[in-house]
Number of protein chains: 2
Amino acid sequence: MTEIQAWASHGPKQKLEPFSFNPGVLGAEEVEIVVEYCGLCHSDLSIINNDWAMTQYPVVPGHEVIGRVVAIGAQVKGVHLDQHVGVGWNSGSCMHCHQCMSGDNNLCATAQPTIVGHHGGFAERLRAHWAWVIPLPDKLDAASAGPLLCGGITVFSPLLTFDIKPTHHVGVVGIGGLGHMGLKFAKAWGCEVTAFSSHESKTAEAKSFGAHHVISSRDSTAMAQANSTLDMLIVTVNVALDWASLLQTLKPNGRLHIVGAVLEPMQIAAIDLIFGQKRVSGSPTGSSVDLATMLEFAARHDIRPQVEHFPMSRVNEALAHLASGNARYRIVLDADFA
Amino acid sequence: MTEIQAWASHGPKQKLEPFSFNPGVLGAEEVEIVVEYCGLCHSDLSIINNDWAMTQYPVVPGHEVIGRVVAIGAQVKGVHLDQHVGVGWNSGSCMHCHQCMSGDNNLCATAQPTIVGHHGGFAERLRAHWAWVIPLPDKLDAASAGPLLCGGITVFSPLLTFDIKPTHHVGVVGIGGLGHMGLKFAKAWGCEVTAFSSHESKTAEAKSFGAHHVISSRDSTAMAQANSTLDMLIVTVNVALDWASLLQTLKPNGRLHIVGAVLEPMQIAAIDLIFGQKRVSGSPTGSSVDLATMLEFAARHDIRPQVEHFPMSRVNEALAHLASGNARYRIVLDADFA
């Protein structure tokens, strides 16, 4: 195989620079993809900056990859040459542990993240285990689909995992990269949808994404009116919140579900869980099957992340735009290697 | 109706004194029971002492009642005169709200606790709405059954609610009034059972209650060996714990379930929930149907709380014994009114 051109960071807070590497022999269960588009996710920034103390430099970020299959190993199943595919947070898992064999391969203890100890999608080509290379439905808009593979599945998976029904009332806290997709999915799911945001400027957009109601989390009167109205509240932000008042928005048996990696421990009063038989939970992206299920659902309902495009060669500009908090709402890099 | 003799407290930390009251006309949906036995629960102490700022004095405690039906209102259903019955934490609920009509009448917003604004079971007779008067299976040992009605249902209900299977591994934190019943139920459920206790002296007894393994929560090596072994961990104690290390004992998709009213907020790291898709939840006692289901299960498996008996006239001595922490493991008062 020829060398792969890519963009890499060599240390925390360092700009990405052109980088090339030899990928070696293609593994028997590996697929190689030519990257067409790659979403830019907040966790790319966290990994570049080693916020989670797990980065291996040089790091080639990018884990919301859309591309075409150009090579397959001898034991690859379910994927064929020239197929249009996506790859998300994980690029591999053992496929023989209890979790993998139960369908929960996103919970495999040895799952291989696409951008930790593995070169990601800010590159000409990407490799992944066939189980994590998800065929794209024909009707899906490939140019905007990248962010579904990580951000999208993160907010979609809870609807599947926790048996949310179209009769349920679902809230989404934070109208950003994840939250705006959460509103679209919950609306298409048939639910009554409430958006919670601290930015009143986002009200009209939140409604355009599918919110029936938009509540300012700073408005204590509006928050009180929302008490006991929700079956599930998905929290997409990564800052400490008033957990007691959010738990109050839940009906009995309701669930507060965390997908934002809040660093400060959540303060949860036992009594706030006990009286209404309430639940707090978290989840990481989703399994291969959940990814395929999500893409089929997104194609049928024409759910597209709202994205801004940058050529991949302007990746540092795109990263600065993401870090500024001004991305509306997700960034996609278009591969432009020479 | 004639006056009812009872034991009541007239203020926080005050001893119980003989007390009598006129119960008025029996309501159309009410049942009156002659009390034979009444369990003594830690929440009786909390209510006597107004720890939850909801006590209405004079308070007649007692909400683990076993007795016989002596009067029924005109609209009573499902209960007949002379029937052997039990009453627990709740003595009534509206029976027409969404929760009641969904079978979750323990989550009714206007549920009537037996000992708050209502006179409880440290009395000759008790009244309750028919829906909360649970017929006892013939095979159940009435003299020890009282504690099932509150403490027992509190640890049994999570097994039902969260679809625990006999293939699951269940842990119980705290081997006390609730925990010892939790071990018995989980063992009879067919699960692998692990007890966590800070008292090594309880190891042999925990095994006799059904624990396959007993782990000292102070032994960090043993705690580490328990990592990723449990599907559900039921926490019955009401003191702050090392929540991070308890969450580590859970398998992916595992649940930490709280039934002890820990007053200090739990410190839960979002990341500890996200990576293994873990859950934290709480629940209050159980519904009428869950109570009946539990009693049938307890009768079939001959599950008896381990109790110490006191005559009800020695209730103050029994309360002091409970407060000392030396009760093994639950106290039942035998009614002895003249």
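The sequence lines fix the lettering, A, B, ..., with proteins before strands; numbering per chain opens at 1. Excluded from the calculations below are hydrogen atoms, water molecules and symmetry mates; all remaining heavy atoms, backbone and side chain alike, are included.
Among B/A269, B/A244, B/P252, the residue with the largest count of heavy-atom pairs under 4.5 Å with chain A is B/P252.
Nearest heavy atoms, A/L291 versus A/L149: CD2-O, 3.6 Å. Closest approach of A/C100 and A/C108 over heavy atoms only: SG-CB, 3.6 Å. Closest non-hydrogen pair, B/I271 versus A/A261, comes out as CD1-CB, 3.6 Å.
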Across chain B and chain A, going purely by atom type as modelled, what donor-acceptor pairs are there at a distance under 3.5 Å?
{"unit_1": "A/D104", "atom_1": "OD2", "unit_2": "B/N253", "atom_2": "ND2", "d": "3.0"}
{"unit_1": "A/N253", "atom_1": "ND2", "unit_2": "B/D104", "atom_2": "OD2", "d": "3.0"}
{"unit_1": "A/M266", "atom_1": "N", "unit_2": "B/I268", "atom_2": "O", "d": "2.6"}
{"unit_1": "A/M266", "atom_1": "O", "unit_2": "B/I268", "atom_2": "N", "d": "2.9"}
{"unit_1": "A/Q267", "atom_1": "OE1", "unit_2": "B/Q267", "atom_2": "NE2", "d": "3.1"}
{"unit_1": "A/Q267", "atom_1": "NE2", "unit_2": "B/Q267", "atom_2": "OE1", "d": "3.1"}
{"unit_1": "A/I268", "atom_1": "N", "unit_2": "B/M266", "atom_2": "O", "d": "2.9"}
{"unit_1": "A/I268", "atom_1": "O", "unit_2": "B/M266", "atom_2": "N", "d": "2.6"}
{"unit_1": "A/K278", "atom_1": "O", "unit_2": "B/G282", "atom_2": "N", "d": "3.2"}
{"unit_1": "A/V280", "atom_1": "N", "unit_2": "B/V280", "atom_2": "O", "d": "2.7"}
{"unit_1": "A/V280", "atom_1": "O", "unit_2": "B/V280", "atom_2": "N", "d": "2.7"}
{"unit_1": "A/G282", "atom_1": "N", "unit_2": "B/K278", "atom_2": "O", "d": "3.2"}

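For the atom pair CD1 of A/I134 and CE of A/M294, the computed distance is 8.5 Å after rounding to the nearest 0.5 Å.
Scored by the ring pair (Phe, Tyr, Trp, His ring centres under 6.0 Å) test, A/F185 finds A/F156 as partners (sequence neighbours excluded). With sequence neighbours excluded, no residue forms a side-chain contact (heavy atoms from CB on, under 4.5 Å) with B/A109.
For A/V235, no part lies near chain B; criterion is any non-hydrogen pair under 4.5 Å.
Looking at A/I274 and B/I258, their side chains come closer than 4.5 Å, going by heavy atoms from C-beta outward.
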